Amino acid sequence: MPKQLHILALDTCTETCSVALTINGDVYARIEDAPREHSQRLLPMVDAVLAEAKVTLADIDLIAYGRGPGSFTGIRICTSMTQGLALGLDLPVIGISTLTAMAQMAIELGSSQVLCCIDARMKEVYWGQYIAKDGIATLVGEEHVSAPEAIELTLDTQQTISVCGTGFEAYPQLLNIAPHITPCSQATYPEAKAMIVLAQQGYQQGLHTSVDELSPVYLRDTVTWKKLPGRE
C-alpha cells in the first residue's frame, strides 16, 4: 500500500485563498474570500493548519500548489509562497491545475462529467473538461484559453454534464452549451483540500519535482515566471 503522505496544499490562483493539510489521514483546511489579500493571508493560514495538526513544516513530505490557470497575480503569489516554504527543507513540490481541483470538487459531489470554466477577462475563458476515473478528475484533451464561443465539447452531451467556475457567471450563455447541464455552485472556485487526492496520485505517478523545477501555468504566453534571486 502506498505511503500516506503528509501533504500541504496551497492555492491563491482565483478570488479565494485556501490551505489544506493532511496528516495521518486527517485533513485540516482553511479558506477565505480575500481576492486582494492573498499575500497577507496565506502564511497565517499555513501556520494555523500546522498548529491545529500539531506538526511543523519539517513533518511535511510534499507541497502541492495551485499552478493556474487563473489570476496572474494570484498564480505568482502561490508560486512564490510555495518556493519560499519548500526551499529551506528542500521539499518536493507538485503543481495542481485549478481547473482540475474544481473538477475534483464536483466529482466528489457525485458528478461523472465536468466542464470547468474560469473567467479569463479580455473576453476569454480558461476551460477544461473532465471525467471521473476511480473517483479522480481526469482531463479530457487539454486545458485551453479561448473565447467562450470557441469551447468544443468532447464529453457525452447526452449525459449530464456538471459545470463550475466563474466563466458561467460571466458568460451565462454557456449554460446552453449542452442539453443536460447542471451547475455546481459548490465548485465555483478551487479549494486546496480538493488538491490533496490529486497530489497523492500525482506523486505516485512521479509528477512531483524539486522546488527549482516549480512551474506555474498561465495558458497565456505573455507572462513569465521569475525565481527568487540566487536560484539558478
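What you are looking at is a predicted structure, and each value in this text was computed from that prediction instead of being measured. Position 1 is the first residue of the sequence; numbering continues from there. Because only heavy atoms are used, hydrogens play no part in the values below, and waters and symmetry mates are left out as well, while side chains stay in.
Here side chain to side chain donor-acceptor pair (under 3.5 Å) pairs that include residues 170-183, with residues two or more places apart or in two chains, number zero.
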Could you go through the side-chain contact (heavy atoms from CB on, under 4.5 Å) check for L175 and V163 one step at a time? CA-CA 8 Å; L175 293 172; V163 297; 3.9 Å; yes

Begin with the C-alpha distance, continue with both residues' side-chain angles, and end with the deciding distance and a verdict on side-chain contact (heavy atoms from CB on, under 4.5 Å) for Q83 and L87. CA-CA 6 Å; Q83 190 180 26; L87 277 176; 4.0 Å; yes

Pair T188-E169, side-chain contact (heavy atoms from CB on, under 4.5 Å): steps then yes or no: CA-CA 9 Å; T188 300; E169 297 173 358; 3.7 Å; yes

Passes side-chain contact (heavy atoms from CB on, under 4.5 Å), V114 versus C184? Steps please. CA-CA 9 Å; V114 187; C184 183; over 6 Å; no

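For the pair S112 (side chain) and A132 (backbone), a donor-acceptor distance under 3.5 Å is absent. Side-chain N or O atoms of T157 include none that pairs as donor or acceptor with a backbone N or O of A178 at under 3.5 Å. For the pair T98 (side chain) and G66 (backbone), a donor-acceptor distance under 3.5 Å is absent. A donor-acceptor distance shorter than 3.5 angstrom exists from the side chain of D61 to the backbone of H6, with no hydrogens or angles considered. Between the Q186 side chain and the A106 main chain, no donor and acceptor come within less than 3.5 Å of each other. For Q129 (side chain) and T154 (main-chain N/O), a donor-acceptor pair under 3.5 Å exists by modelled atom type. A donor-acceptor contact shorter than 3.5 Å links the side chain of H38 to the backbone of T14. Formation of a donor-acceptor pair under 3.5 Å by the S18 side chain with backbone atoms of A192 is found in this model.
At a threshold of 4.5 Å between non-hydrogen side-chain atoms, the residues D11 and I96 do not count as touching. Between P69 and V145 the shortest side-chain heavy-atom distance does not fall below 4.5 Å. With a 4.5 Å cut-off on side-chain heavy atoms, L174 and I151 count as touching. Using a 4.5 Å heavy-atom threshold, the side chains of L43 and L85 count as touching. Counting only heavy atoms from C-beta outward, the side chains of R30 and V49 approach each other to under 4.5 Å.
Once rounded to the nearest 0.5 Å, the distance linking CZ of R36 with OG of S71 reads 10.0 Å. For the atom pair CD (Q113) and OG (S162), the distance works out to 8.5 Å, reported to the nearest 0.5 Å. Atoms NZ and OG1, on K54 and T56 in that order, are 14.0 Å from each other to the nearest 0.5 Å. In this structure, CE on M81 lies 11.0 Å from CE on M45, to the nearest 0.5 angstrom. Taken to the nearest 0.5 Å, the OH atom of Y65 stands 9.5 Å off from the CE atom of M195. Here the CD1-CD distance, from I131 to Q159, works out to 12.5 Å after rounding to the nearest 0.5 Å.
For the residue pair A137 and L198, the shortest heavy atom distance occurs at O-CD2, 4.3 Å. Y218 approaches Y126 most closely through the heavy-atom pair O-CE2, 3.5 Å. Among all heavy-atom pairs drawn from T79 and P216, the shortest one is OG1-CB, 3.7 Å. Of all the heavy atoms in V93 and S210, the pair that sits closest is CG2-O, 3.8 Å. Scanning both residues, E124 and A147, for their nearest heavy atoms gives CG-N, 4.2 Å. For the residue pair I196 and V27, the shortest heavy atom distance occurs at CD1-CG1, 4.1 Å.
When the side-chain contact (heavy atoms from CB on, under 4.5 Å) test is applied to V197, the partners found at least two apart in sequence or on another chain are Q104, E108, I136. Remark: E37 pairs with R41 by the salt bridge (Lys or Arg N to Asp or Glu O under 4.0 Å) rule, at least two apart or across chains.
At a threshold of 4.5 Å between side-chain heavy atoms, the hydrophobic network of Ile, Leu, Val, Met, Phe, Trp and Tyr places I181 and L155 in one connected group. Residues V125 and F168 share a hydrophobic cluster, clusters being chains of Ile/Leu/Val/Met/Phe/Trp/Tyr side chains in contact below 4.5 Å. Residues I63 and Y28 share a hydrophobic cluster, clusters being chains of Ile/Leu/Val/Met/Phe/Trp/Tyr side chains in contact below 4.5 Å. There is a path of hydrophobic side-chain contacts, each under 4.5 Å, that joins L89 to L10. Placement of I118 and I177 in two distinct hydrophobic clusters is found when ILVMFWY residues are connected by side-chain heavy-atom separations under 4.5 Å, directly or transitively.
Few gaps surround CD on Q205; more than 12 heavy atoms of other groups in view lie less than 6.0 Å from it.
With L50 as the fixed residue, the side-chain contact (heavy atoms from CB on, under 4.5 Å) test singles out one of L21, I23, D59, V19: L21.
Under 3.5 Å, the side chains of T100 and Y130 contain a donor-acceptor pair of N or O atoms.
Between W127 and H144, the ring planes are parallel. Angles under 30° get that label, and only those over 60° would be called perpendicular.
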